[in-house]
Amino acid sequence: MNDQDRTELAKGYEHKDVEARWYRFWKARGYFHGDEHDRARPAFSIVLPPPNVTGSLHLGHALTATLQDVLIRWKKMSGFNTLWLPGTDHAGIATQMIVEKELKKTEKASRHDLGREEFLRRVWAWKERYGSRIGEQHQALGAALDWDRERFTMDEGLSRAVREVFVRLHEEGLVYREKKLINWCPDCHTALSDLEVEQKDAEQGELWSFAYPLADGSGEIVVATTRPETMLGDTAVAVHPDDGRYRAIVGRNVRHPLTGREFPVVADAILVDPEFGTGAVKVTPAHDFNDFEVGKRHGLEQLAVIGPDGRMTAAAGPVAGLDRFEARRRVKALLAEQGLDRGTKPHLLAIGRCQRSGTILEPLLSDQWYVRIEPLARPAIEAVEQGRTRFIPEQWTNTYMAWMRNIHDWCISRQLWWGHQIPAWYCADGHVTVAREAPAACGTCGSTALRQDEDVLDTWFSSALWPFSTMGWPDDTPTLRTFYPTSVMETGHDIIFFWVARMMMMGIHFMGEVPFRIVYLHPMVRDEKGQKMSKTKGNVIDPLVITEQYGADALRFTLAALTAQGRDIKLAKERIEGYRAFANKLWNASRFALMNLDGFESPHPPAPLSGSAGPERGEIRGDPAAEGRTAADRWILARTQRAVNETVAALEAFRFNEAAATVYHFVWHELCDWYIELAKEALYGDDAGRRRAAQGTLVHALATALRLLHPFMPFVTEELWSVLRAKVKADAWPDAILAAPYPAVGPVDEGAERGFGPVIGIVDAIRNIRGEMNVPFKVVLEDVEIGSLDREAAGTVREELARIHRLANVRDAVVHADGAPPARRPASAVAVGAGFEVRVGLAGAVDVAAELARIAKEVEKLEADLGSIERKLANPNFVQKAPPEVVEKDRARADELREKRGKLEAHRAMLSGTLDSPGARPGRRESMENENQNPSQPAQPSQASQAASGAMETVEKVVTTVSEVGKAIGTAVASGVEAAVEKVMPKRKKVARKPARKAKARKAAPRRAAKKKAGKKKAAKKTARRPARRAKRGAKKRR
RNA sequence: AGGCCCGUAGCUCAGUGGUAGAGCACUACCUUGACACGGUAGGGGUCGUCGGUUCGAUACCGACCGGGCCUACCA
């Protein structure tokens, strides 16, 4: 790249300037190549589900490409020998139809006009012209595919594999040819497998009844049908053997009213439900799957009356030559003329349609090739039972198993031209010779007049071999030895049966081992309303349009962030916009860093960039900058390591959304919102040691974030990496982020995380007071006291004081150590957090009533919260049966809440007092009363507040010296205040103002209140609590 | 008919047997020397309903109601 020397960034991220360059760079460097000879590094391989060669990229492809690329890049950076193998599928029917359509349009010709050979030449031409399009589209997304290994299912190599498999299966008796009933598409003119039949919602149809006269004229039997035209092919009427109504006529014959044929009434318990219709069923063995079985059970004639074109055959007598639907109307009319119509009832029915053309399918008798599937399915079931292949999300295991355990033989022949022609040859006598290459003579009679079977194989037949056919099978290749079995099969759950199951069966059978260790099934992408995207609905989002507009990184990140397990993705543009903003944010964070890294070289002296992000390792090991680090630096370093740990854990569990959310939160809300703001103090300041420490920390956090993010946002991270690397002259860093080590999991400095909690809490508290008291940020707060800190916290707060000043726009806050609270002073707002208390003097500007209201609100929440905990603690069952640590936690929390309440109420008491003093503003009384003050005791608050503020005056004077004396006074005062408060606030507020609550609501009230409070100090809470939560989760997982 | 998934803030969705979360949207304020694709603060939730298990259920179990998907089949 020529960007090596660039050390500045434009004001905003322009993806178009960046994306085009890097893909070529990676490819040219050979980063995408999987090394089949490298057995030292562990291998990690994925085969890309081959898109249809005719296809154009849609969001499903984009999702697949994104998730697989995330895995590949992550693994590559983590030291694996990665292979991601691309290719395309010839997509038999789909491609043939497209070319036929084109042919019809441009030359008004059918494939039959051209003949097989010429038609195939046209399809190949089409493939050459458009087949590379989808690959190029994958490149636009950044997919790190090994293009040197690109394959096509009709390549010579893969075709050879197909023939090999077919022949071997035939030799083993697992491929056979037979005349059976199959699903036939009259439009596509081909047989289909069960899976290609689409059973859509039941459609409104009708159930028509007619009578078959008994052959001897002694009566009739009424049958009901949804397909009257098939009655021409009826060869029996079936009734239930136990049905008393028909017992007498079982075994007798009926006469066909249109053809005069006679056939029997049979008793069949499997087919007939006596409750349904008339309890008598017409039987058409040649055109209905159930009837086919009945025919076999009773030795009935199979009379085909519908042809491959969907028209009635000559055997259909009076309706011969008619289209099947026309024949339906005609048959009804004819029978009605004979007085045999017995009425019509509306009826819901499900109709099988062709997956491709949507045409209603016709069950037809024909000779087709089949795979005897059960012997192949058994080992594939066992492999999953034994965990040799695992499904994620797990529930798909059931789906797979259910289908595999009830599998039917696979019809693999298709009456198409585009595909692998079946390697079977027939002589004039009809002997079949199956061979890898065209045989010279019939294997049975030696005849040399051979004709190859005209049919081709189901597209999915070659797809089933994809994981090993693409690696050179049937030869024993280094690629196979290195990369088979593949590590992960990542695809949509809509093709579990079509593809995943069949790869399992073929892989196990021919390779002796499963084709992949893990099957990760991603959700389906839908539009923002949850509807399937389709061209006819016009709700298709073109990934490339999105890429153009928002950038490939934004799209990729969006898709990853929405990929939760077990739920479809509803893609809304707002979401993509949000992640484009994220790329921009990252860009600007880097821009900030670059603007403040002058003179900084990392590492110094250069050292290799370790995989670890830990402050004790990596590029900042031995960094002299460590000397000047502050609590803020240590905090972000700890948070960085935690982000690394959580991201890696999420990736390992295929929780793409969690991984994305973790990095997002870290970059935006910790690195940008907090650390960059914190670092400004040092970066803009005069202290060279401090500045250097901040620079080193910033570089480390940023370089780690970029690497964490690279698999998700390859382009912007690569760009930023190159610029950052140049800026800090980090020659030891790889010059491509894709070649850099992924940050490694390591221990988190929890002390640094926890210790910083008060700083964040204090800043939040002051900002909160500003917000609620309507004091804009630009107004400098001159009178701020921070107290109730333990010794350690006080140390940290002192150390970070300059940063607190900057973040909250405060001048010279006073810090009290050793638990001493801030003074109780009028015209102040007070916030109490975990382990700290802040008083903000608001000069004359404080709205006492508003502050009282704010405090009252706060106390109300505390009360509710405390109430629920106290009730819990008062319950002997809870204390006895709950785990001791839970009880202990609640006790501690109750204490904390009580303490907090005490402090707030002391403040409130003092403030209430000022209201009664001459200076109080009369206009505020009303709102004060709304806050449930007790007007009947006007004197006491005043007394209390005087006591409190009087005592506080004393404290205030000693606070600047940290001392035991201060602590003693503080404690004494606090308890004095609490005593006073007891008198002022006669009873707990019962939140009685609100209208009578329902019994149910009472339960919810504390929670609601608690939540609000929790939300208020969310930053502090997040910082402080996360370690505990994570630890617990980790423990659980190990179980 | 059977199976699976889902129902949590206005929307799209995480999550958890012990203090309900994110993004977007919304409200107020702020162009502060990375970023208005920005910042700060705020409002907003009987976690579908009813039972059960439990000291404690949004989470586990059952039933039901709503939505979706899959498989099989209904003459």
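Lettering follows sequence order; numbering is per chain, from 1.
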Roughly how far, to the nearest 0.5 Å, is [atom2] of [Y] from [atom1] of [X]?
| X | Y | atom1 | atom2 | result |
| --- | --- | --- | --- | --- |
| A/Q880 | A/N875 | CD | CG | 9.0 Å |
| A/R591 | A/L720 | CZ | CG | 12.0 Å |
| A/D890 | A/I869 | CG | CD1 | 5.0 Å |
| A/D673 | A/H665 | CG | NE2 | 8.5 Å |

Reckon [X] touches a base, only the sugar-phosphate, or nothing at all at heavy-atom distances under 4.0 Å?
| X | answer |
| --- | --- |
| A/L562 | nothing |
| A/T226 | sugar-phosphate |
| A/G279 | base |
| A/R770 | nothing |
| A/P876 | nothing |
| A/A224 | base |
| A/A280 | base |

Positive for side-chain contact (heavy atoms from CB on, under 4.5 Å) with A/V272, one of A/V283, A/D243, A/V281: A/V281

Using whole Å, report how far [atom1] of [X] lies from [atom2] of [N].
| X | N | atom1 | atom2 | value |
| --- | --- | --- | --- | --- |
| A/L807 | B/U40 | CG | C1' | 11 Å |
| A/F210 | B/A75 | CZ | P | 14 Å |
| A/H522 | B/C5 | NE2 | P | 19 Å |
| A/R891 | B/C55 | CZ | P | 18 Å |
| A/W403 | B/A72 | CH2 | P | 9 Å |
| A/I869 | B/U19 | CD1 | C1' | 7 Å |
| A/K872 | B/C55 | NZ | P | 14 Å |
| A/D288 | B/A75 | CG | P | 8 Å |

Between A/Y212 and A/F210, does the ring centre distance come in under 6.0 Å? yes

Determine the Euclidean distance between corresponding [atom1] atoms of [M] and [N]; express it in Å to zero decimal places.
| N | M | atom1 | result |
| --- | --- | --- | --- |
| B/A59 | B/A14 | C1' | 14 Å |
| B/C13 | B/C47 | C1' | 13 Å |
| B/C29 | B/C50 | P | 42 Å |
| B/G45 | B/C35 | C1' | 33 Å |
| B/C65 | B/C26 | C1' | 31 Å |
| B/G38 | B/C64 | P | 48 Å |
| B/G51 | B/G44 | P | 28 Å |
| B/C70 | B/U40 | C1' | 49 Å |

To the side chain of [X], which of [options] is closest?
| X | options | answer |
| --- | --- | --- |
| A/F276 | B/C70, B/A75, B/C55 | B/A75 |
| A/K570 | B/U12, B/A75, B/C55 | B/U12 |
| A/E574 | B/A75, B/C24, B/U71 | B/C24 |
| A/D865 | B/A75, B/A14, B/U19 | B/U19 |

Looking at [Y], is its backbone amide N or carbonyl O close enough to the side chain of [X] to form a donor-acceptor pair, meaning the two atoms are under 3.5 Å apart?
| X | Y | result |
| --- | --- | --- |
| A/H287 | A/P363 | yes |
| A/W587 | A/A10 | yes |
| A/R770 | A/N809 | yes |

Reckon [X] has a side-chain N or O less than 4.0 Å from the OP1 or OP2 of [N]?
| X | N | result |
| --- | --- | --- |
| A/N877 | B/G56 | no |
| A/R767 | B/G42 | no |
| A/H669 | B/G23 | yes |

Counting only heavy atoms not in A/E885, do more than 12 fall under 6.0 Å of its CD? yes

Is A/D17 atom CG crowded by more than 12 heavy atoms from other residues, nucleotides or ligands, each under 6.0 Å away? yes

Let me spell it out: for each of A/D194 and A/V763, pick the nucleotide of RNA chain B with the closest heavy atom. Which residue's pick is nearer the 5' end? A/V763

Residue pair A/V879/A/N657 against RNA chain B: nearer the 5' end by closest nucleotide is A/N657

Sugar-phosphate atoms are those with a prime plus P, OP1 and OP2; base atoms are the rest. Using that split, label each nucleotide of nucleotides 28-38 of chain B B, S or - for protein heavy atoms under 4.0 Å, 5' to 3'. ---S-BBBSBS

Dot-bracket notation for RNA chain B is requested: 5' to 3', Watson-Crick or G-U wobble pairs only, both distances under 3.5 Å, with ( ), [ ], | and . as defined. (((((((..((((....[..)))).(((((.......))))).....(((((..]....))))))))))))....

Residue that, paired with A/E206, satisfies salt bridge (Lys or Arg N to Asp or Glu O under 4.0 Å) out of A/K345, A/R328, A/K332, A/R227: A/K332

